[in-house]
Amino acid sequence: MIIANWKMNGSKEEVSSWIKSVTEEVDFDNEKPCVFCPPSCYLDYSCSLIKETSSPIFLGSQNINYKKSSALTGGIDSKMLKEFLTKYVLIGHSEQRETFKETNEILHSKLLAAINEDILPIFCIGEPSEVKQKDNTEYFLGSQLEALYDVDLNGVIIAYEPIWAIGSGLNATKDYIEKIHSFVKEYCRSNLNSDVKISVVYGGSVNLSNCEEIMSSFEVDGLLVGGASLDPDIFSKIYNLS
Ligand code: PGA
C-alpha cells in the first residue's frame, strides 16, 4: 500500500486537483491500495470527489479521538469518520505522540475505537536519533508495540517511521529498514501471539529517488509518504514505481 500523508497542508483547490491527477496518473493495483490522508476538514470534500469520479483512491484520516462521552471539544470519533467512507486511520504518528503526549493507554483506546467501526489502523512507531545512537531501537519499538496487546491484529498495518528520518531528507538505509521490519514482524508473532500476517510499511523522507530501492525489500509492504505526497505527479510516480 502507498499512503499519502498530507499533514497540515493543502487547500480545497489542491485537494481537488490532487484527486483528479492521481486518479488519472496512477496505475491502480488492487493488491496495492492507494490511500489519501488529507487534513480532517477536507475528508468530506475528498469523499464526495472520490465518489463523483469513481476513483479507486481510499480515504484515510490523520487522526481519531477516543473518549467515553461526547464531551471532547475538537474531537473526531470513529462514527464520524465512517460517514465519509474513511477506510484507514493513522494512529500514534510521532508528531501526534509528541504534541498531544499520547501514551500507550490512549493509543490502545484509539486502536479499539477504530477497529470497532471497521476502520483499519495504520499504527505508527519509530525511534528518535538518541535511541538509535545508543543502539536501543528494538527495546524502544518493543515498548511502543505494547499498545497492541489484546488488539485483533487482523487488518492492522504498522508504519515504521524513524523520527530522525521524518521530514529530514535522511531516509533509513534498506538494510536498516529490513532489520527493523523483520524485528517488528517477529515481535508481533512472539509477543502478541499473532498468527496474522502483519503488513509493515516504511515512512521517513520517502521520495522519487529512494522509493524503488526501499520497496525492493521483501520486508517492506508499502510506503507512508509525507512531503513528497503533496505533489500529485510525484506521488503518482512513487506509486507506479513501487
Ligand atoms: P516525510 O513524512 O515523508 O515528509 O518524511 C512522513 C510522515 O511523517 O508520515
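One-based numbering, in listed order, for ligands and for the atoms of each. Each residue takes its place number in the sequence, starting with 1.
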J.: Which residues end up grouped with Ile166 if you chain together Ile, Leu, Val, Met, Phe, Trp and Tyr wherever their side-chain heavy atoms are less than 4.5 Å apart?
T.: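 Members other than Ile166 - counting any ILVMFWY side chain reachable under 4.5 Å - there are none.
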
J.: Show me a pair-per-line table, with atom names and distances to 0.1 Å, of protein N or O atoms that are under 3.5 Å from an N or O of ligand 1.
T.:
{"unit_1": "ligand 1", "atom_1": "2 (O)", "unit_2": "Lys7", "atom_2": "NZ", "d": "3.3"}
{"unit_1": "ligand 1", "atom_1": "3 (O)", "unit_2": "Gly226", "atom_2": "N", "d": "2.9"}
{"unit_1": "ligand 1", "atom_1": "4 (O)", "unit_2": "Gly227", "atom_2": "N", "d": "2.9"}
{"unit_1": "ligand 1", "atom_1": "5 (O)", "unit_2": "Gly167", "atom_2": "N", "d": "2.6"}
{"unit_1": "ligand 1", "atom_1": "5 (O)", "unit_2": "Ser205", "atom_2": "N", "d": "2.8"}
{"unit_1": "ligand 1", "atom_1": "8 (O)", "unit_2": "Lys7", "atom_2": "NZ", "d": "2.7"}
{"unit_1": "ligand 1", "atom_1": "8 (O)", "unit_2": "His93", "atom_2": "NE2", "d": "2.7"}
{"unit_1": "ligand 1", "atom_1": "9 (O)", "unit_2": "Asn5", "atom_2": "ND2", "d": "3.1"}
{"unit_1": "ligand 1", "atom_1": "9 (O)", "unit_2": "His93", "atom_2": "NE2", "d": "3.3"}
{"unit_1": "ligand 1", "atom_1": "9 (O)", "unit_2": "Glu161", "atom_2": "OE1", "d": "3.4"}
{"unit_1": "ligand 1", "atom_1": "9 (O)", "unit_2": "Glu161", "atom_2": "OE2", "d": "2.7"}

J.: Check Lys79 with Glu83, please: is the shortest side-chain N to carboxylate O separation under 4.0 Å?
T.: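 A salt bridge is absent here (no side-chain N lies under 4.0 Å from a carboxylate O).
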
J.: Give a yes-or-no answer on whether the side chains of Ser48 and Glu52 include a donor-acceptor pair shorter than 3.5 Å.
T.: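 Short answer, no.
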
J.: Go through the steps to decide whether Ser16 and Glu13 satisfy the test side-chain hydrogen bond (donor to acceptor under 3.5 Å, both in side chains), and finish with yes or no.
T.: CA-CA 5 Å; Ser16 160; Glu13 205 181 316; over 6 Å; no

J.: Hey, is the main chain of Gly92 close enough, under 3.5 Å, to the side chain of Arg97 for a donor-acceptor pair?
T.: yes

J.: Hey, are Glu146 and Ser143 close enough side-chain-wise for a donor-acceptor pair under 3.5 Å?
T.: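 No pair is found: no donor N or O on one side chain lies under 3.5 Å from an acceptor on the other.
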
